[in-house]
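Here's the structure we're looking at; comments come further down.
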Amino acid sequence: MELIYSRTKTIQEDKVSGFCPGCMHSTVIKLIGEVIEELDVVDKSVLITGIGCCGLHMDYIAYDTITAPHGRACAVATGMKKASPDSLIFTYQGDGDFASIGLAESVSAANRGGNFTVIFINNGIYGMTGGQMAPTTLLGMKASTAPKGRIAEEHGYPMHMSEILDKLTAPAYIERTSCNNPQNVMKTKKAITKAFKNQLEGKGFSMVEIVTSCPTNWGLDPMKSLEFIEEKMLPEYPLGVIRDTIG
Amino acid sequence: MGKGTIKVVADRCKSCGYCIKFCPKGVLAIGKNVNAKGYEYVEPVNMDDCIACAICGRICPDGAIEVYKN
Ligand SMILES: Cc1ncc(C[n+]2csc(CCOP(=O)(O)OP(=O)(O)O)c2C)c(N)n1
Ligand code: SF4
Ligand code: SF4
Ligand code: SF4
Ligand SMILES: [Mg+2]
């Protein structure tokens, strides 16, 4: 018998992830690990995590990680890349972290075209703190801070971070993917690979926005959350390459 | 024996059901046994039909499934 698939060695062998059942934070960190193994850059990889459920990676992965103050991961990555230009530097941030409290740092770093990578986890909610509304929450979607659902007149509209950053001049590559089925998992892996290669080749700022789920705070079981992604999230956040100046 | 064999690392499984939904050959099902965290973990019920496509391994958020080619 020949082993053809097993969990990446970039996750500590004896650990079980701390994420809720079906949470795709777990899927994405597994894909990141597979990519850095395949590119043979595990030893020079530094994951800069935001604050939120992404922090549950801290004691789970088996390579270097720094936790940034809430929202400031892109600023930390900017400094880290200057201090250690040969390292593969990537942030891993939720939507509350990247698009709300960290909006200024995120947009400014993208505008400078910093040669690092952002992995942006859009689950439409503040997961860790109990389901408050995020900038990405869909219209009509319930949150603990919007019990009747998001209302445009009161809360504004869902923010499309990939399209917003595409208005800037500097970014090299922006793609939106999901992990809701096997095809999209493979596309996400391909996008992460491309984004990391861009950095290793000095091409500048890349971001992969990944539409994921938060079954717990969406109040759905994992299977229903797959349907919610397909039927509600993806029409608002269409998948595909949004910007590619490299080809 | 079929083309493939899968092994479930029982303690990693959280019973989300994704692997069952996407396995093209109906090889997997939620079993009756419970792991250390209290989840009824997935077990193969139809291993002879496994084609070693590794879809179950790739879709599993928690890396609970190892896939072997026979
Ligand atoms: C300065 C500061 N403000 C607020 C918090 C509380 N807080 C922790 S995580 C979080 C939101 C995380 O949401 P998101 O980035 O979407 O991550 P998710 O858990 O959904 O993956 C907030 C508001 C904090 N830790 N620090
Ligand atoms: S609260 Fe939501 S985002 Fe956090 S681990 Fe659970 S499902 Fe994932
Ligand atoms: S390898 Fe393919 S056929 Fe075999 S159990 Fe997994 S998904 Fe099913
Ligand atoms: S996908 Fe993984 S965690 Fe979910 S039921 Fe299957 S083996 Fe268990
Ligand atoms: Mg979130």
Side-chain angles (χ1 to χ4, degrees), chain A residues 1-34 53 56-57 60-62 121 178-190 210 212-216 220-227 229-230, chain B:
Chain A
M1 280 198 323
E2 180 201 350
L3 179 66
I4 56 168
Y5 188 87
S6 64
R7 195 174 76 172
T8 159
K9 299 280 175 279
T10 60
I11 292 172
Q12 297 174 38
E13 183 62 32
D14 57 333
K15 292 284 167 69
V16 175
S17 87
F19 302 101
C20 308
C23 177
M24 292 165 192
H25 269 301
S26 239
T27 319
V28 177
I29 208 67
K30 204 182 71 163
L31 294 177
I32 290 172
E34 291 173 10
C53 285
L56 295 170
H57 295 321
Y60 179 56
I61 59 171
I121 305 297
S178 185
C179 284
N180 63 324
N181 61 41
Q183 292 79 6
N184 284 340
V185 168
M186 293 317 287
K187 283 187 188 163
T188 298
K189 184 170 172 183
K190 217 171 133 212
I210 307 168
T212 66
S213 58
C214 177
T216 301
L220 299 173
D221 65 33
M223 295 301 238
K224 287 257 161 35
S225 75
L226 291 182
E227 286 169 28
I229 291 182
E230 193 68 41
Chain B
M1 201 192 222
K3 287 187 190 148
T5 302
I6 62 112
K7 285 186 190 163
V8 179
V9 183
D11 280 346
R12 291 182 193 162
C13 175
K14 294 177 187 161
S15 211
C16 71
Y18 293 170
C19 56
I20 300 168
K21 178 179 168 74
F22 292 109
C23 171
K25 295 292 175 185
V27 173
L28 305 161
I30 302 285
K32 289 197 175 63
N33 298 314
V34 171
N35 68 15
K37 296 234 175 188
Y39 296 111
E40 290 176 330
Y41 56 89
V42 154
E43 290 176 23
V45 288
N46 194 12
M47 192 79 97
D48 283 350
D49 284 351
C50 176
I51 54 170
C53 64
I55 285 175
C56 54
R58 293 183 197 286
I59 199 74
C60 173
D62 293 291
I65 301 182
E66 292 177 352
V67 184
Y68 297 82
K69 213 182 222 161
N70 291 336

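Only this structure's heavy atoms are used, side chains among them; waters, hydrogens and symmetry mates stay out. Residue numbers start from 1 in every chain, and the chains themselves are labelled A, B, ... in the order their sequence lines are given, proteins ahead of strands.
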Original post:
Contact part of A:Asn180 toward chain B, heavy-atom cut-off under 4.5 Å: side chain, backbone, both or neither?
Top reply: backbone
**OP:** Among the options B:Arg58, B:Lys7, B:Glu66, pick out the one with the most heavy-atom pairs lying under 4.5 Å from chain A.
**Re:** B:Arg58
Subject >> Proximity breakdown for B:Ala64 and chain A, heavy-atom pairs closer than 4.5 Å >> reply: neither
Subject >> Under 4.5 Å from a heavy atom of chain B, the part of A:Leu226 involved >> reply: side chain
Subject >> Separation between OH of A:Tyr5 and CD1 of B:Ile65, rounded to the nearest 0.5 Å >> reply: 10.0 Å
Subject >> chain B contacts, top residue of A:Pro215, A:Ser6, A:Gly22, A:Cys23 (heavy-atom pairs, under 4.5 Å) >> reply: A:Gly22
**OP:** Identify which of A:His25, A:Met186, A:Arg7 forms the greatest number of heavy-atom pairs closer than 4.5 Å to chain B.
**Re:** A:Arg7
Original post:
For A:Lys15, does the NZ atom have more than 12 heavy-atom neighbours from other residues, nucleotides or ligands under 6.0 Å away?
Top reply: yes
Original post:
Listed by residue number, which members of residues 11-34 of chain B have a heavy atom under 4.5 Å from any heavy atom of chain A?
Top reply: B:Asp11, B:Arg12, B:Lys14, B:Cys16, B:Gly17, B:Tyr18, B:Lys21, B:Phe22
Original post:
Pick from A:Val185, A:Asn181, A:Asp221: which one has the most heavy-atom pairs with chain B under 4.5 Å?
Top reply: A:Asn181
Original post:
Highest number of heavy-atom pairs under 4.5 Å with chain A: which of B:Asn70, B:Ile55, B:Ile6, B:Asp62?
Top reply: B:Asp62
Original post:
So what's closer than 4.5 Å to chain B heavy atoms on A:Thr8: side chain, backbone, both or neither?
Top reply: neither
Original post:
Any idea which of A:Pro182, A:Cys179, A:Ser225 has the most non-hydrogen atom pairs under 4.5 angstrom with chain B?
Top reply: A:Pro182
Subject >> Backbone of A:Val16 reached by a side-chain donor or acceptor of B:Lys37 within 3.5 Å >> reply: no
Original post:
Can you find a heavy atom in the side chain of B:Tyr39 that is under 4.5 Å from one in the side chain of A:Pro21?
Top reply: yes
**OP:** Can you measure from NZ (A:Lys30) to CD1 (B:Ile59) and round to the nearest 0.5 angstrom?
**Re:** 8.0 Å
